[in-house]
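Working notes for the structure below.
Hydrogens, waters and symmetry mates play no part in the numbers below; they use all other heavy atoms, side chains included. The residues of the chain are indexed from 1 along the displayed sequence.
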Amino acid sequence: MTEAARTVSLFLHIGASVVWFGGLLMLALLVTPELRRALQGQPALRGVLRRLRRRFALWGNLALATLLVTGLLQMTDDVHYAGLLQFDNRWSQALLIKHLLIIVLALVGAALQLLVLPALERASRLIEGGVGDAQDLARLQRREQRLTLLMIALAGLILVASAWLGQL
């Protein structure tokens with residue numbers, strides 16, 4: 001890869017990291033808790049949170065796809081890369097740890113997007129229609145929050161692994 005291509009790839013990788021991880025942090029730690037405080041008990045809260053989740057899913061998934069492509073390009077271009085399933089140096093071993101964390105993160109994200117969020121949306125719509133179970137909605141909201149916090153922790157560990165790789 002040329003120096004210009006490496007620079008563009010790294011720029012896109014860092015930008016996608018900012019969009020995904022920064023967006024996740026902003027939503028989970030600032031926006032959602034403040035909306036819940038400000039709109040507590042109001043029907044508008046569920047709709048606002050639903051729209052925020054959808055918009056972030058679009059941008060977050062695009063950022064994750066960008067991270068995957070640019071990460072693979074950068075990995076295979078690195079002088080330390082010895083080949084697929086070759087773990088004979090510290091860099092490759094650190095990269096394996098990073099990739100394992102990414103796999104766990106992807107599984108947690110898939111569970112959140114494919115299982116919890118659709119159930120949360122259904123429960124929300126049932127409540128809005130006057131036939132839902134508030135306890136079921138609260139349980140799903142707690143599950144969403146726990147999985148989101150787990151994703152934040154995993155993303156933080158991935159950043160640590162990335163910094164470690166940069167030092168090897």
Side-chain angles (χ1 to χ4, degrees), residues 1 4-77 95 98-129 132-134 136-163 165:
M1 195 170 8
R6 273 193 298 278
T7 301
V8 169
S9 178
L10 184 58
F11 171 79
L12 291 172
H13 197 76
I14 291 169
S17 296
V18 168
V19 168
W20 185 79
F21 191 47
L24 191 60
L25 285 171
M26 288 293 293
L27 281 175
L29 302 179
L30 298 174
V31 174
T32 301
E34 190 54 38
L35 281 173
R36 284 197 170 122
R37 271 190 288 283
L39 298 175
Q40 186 176 14
Q42 296 182 34
L45 174 62
R46 290 184 292 276
V48 169
L49 291 176
R50 186 180 321 117
R51 287 189 303 279
L52 278 173
R53 281 186 206 104
R54 282 188 187 151
R55 290 194 91 168
F56 181 71
L58 172 68
W59 286 100
N61 288 334
L62 179 62
L64 287 174
T66 302
L67 284 167
L68 178 66
V69 170
T70 58
L72 288 173
L73 288 173
Q74 290 170 42
M75 175 189 73
T76 56
D77 189 55
L95 188 64
K98 180 179 175 179
H99 285 168
L100 292 173
L101 288 167
I102 290 168
I103 289 167
V104 173
L105 176 70
L107 291 172
V108 172
L112 183 62
Q113 282 190 25
L114 300 175
L115 302 173
V116 176
L117 293 181
L120 188 59
E121 189 161 328
R122 273 190 307 278
S124 246
R125 290 191 187 279
L126 287 172
I127 294 239
E128 288 169 5
D133 181 4
D136 186 44
L137 180 65
R139 179 183 55 78
L140 288 166
Q141 287 171 333
R142 285 190 304 275
R143 185 171 294 154
E144 176 196 22
Q145 186 176 30
R146 283 192 306 268
L147 289 175
T148 301
L149 291 175
L150 178 56
M151 288 176 64
I152 289 170
L154 288 165
L157 290 172
I158 291 166
L159 286 176
V160 169
S162 297
L165 279 166

Say you draw a straight line from CZ of R142 to CG of L137; how long is it, rounded to the nearest 0.5 Å?
9.5 Å

In this structure, CG of L165 is separated from CD1 of I158 (nearest 0.5 Å) by 11.5 Å

How long is the span from the CG atom in L95 to the OG atom in S162, to the nearest 0.5 Å?
9.0 Å

So salt bridge (charged side-chain N to carboxylate O under 4.0 Å, His left out) across residues 56-77, not counting sequence neighbours, yields R6-D77

T7 side, atom OG1; M1 side, atom CE - distance, nearest 0.5 Å
9.5 Å

Side chains of R50 and L117 in contact at under 4.5 Å (non-hydrogen atoms)
no

Please check if the number of heavy atoms outside E128 that lie under 6.0 Å from its CD is greater than 12.
yes

Salt bridge check, R53 against E121: does any charged N sit closer than 4.0 Å to a carboxylate O?
no

Sidechain-backbone polar pair: T76 side chain, L72 backbone, donor-acceptor under 3.5 Å
yes

Let me confirm one number: the CG-CG distance from L107 to L112, rounded to the nearest 0.5 Å.
12.5 Å

Basic-acidic side-chain contact under 4.0 Å: R139, E144
no

Donor-acceptor list for residues 20-49 side chains, cut-off 3.5 Å, not counting sequence neighbours:
{"unit_1": "T32", "atom_1": "OG1", "unit_2": "L27", "atom_2": "O", "d": "2.9"}
{"unit_1": "E34", "atom_1": "OE1", "unit_2": "R37", "atom_2": "NE", "d": "3.3"}
{"unit_1": "E34", "atom_1": "OE1", "unit_2": "R37", "atom_2": "NH2", "d": "3.2"}

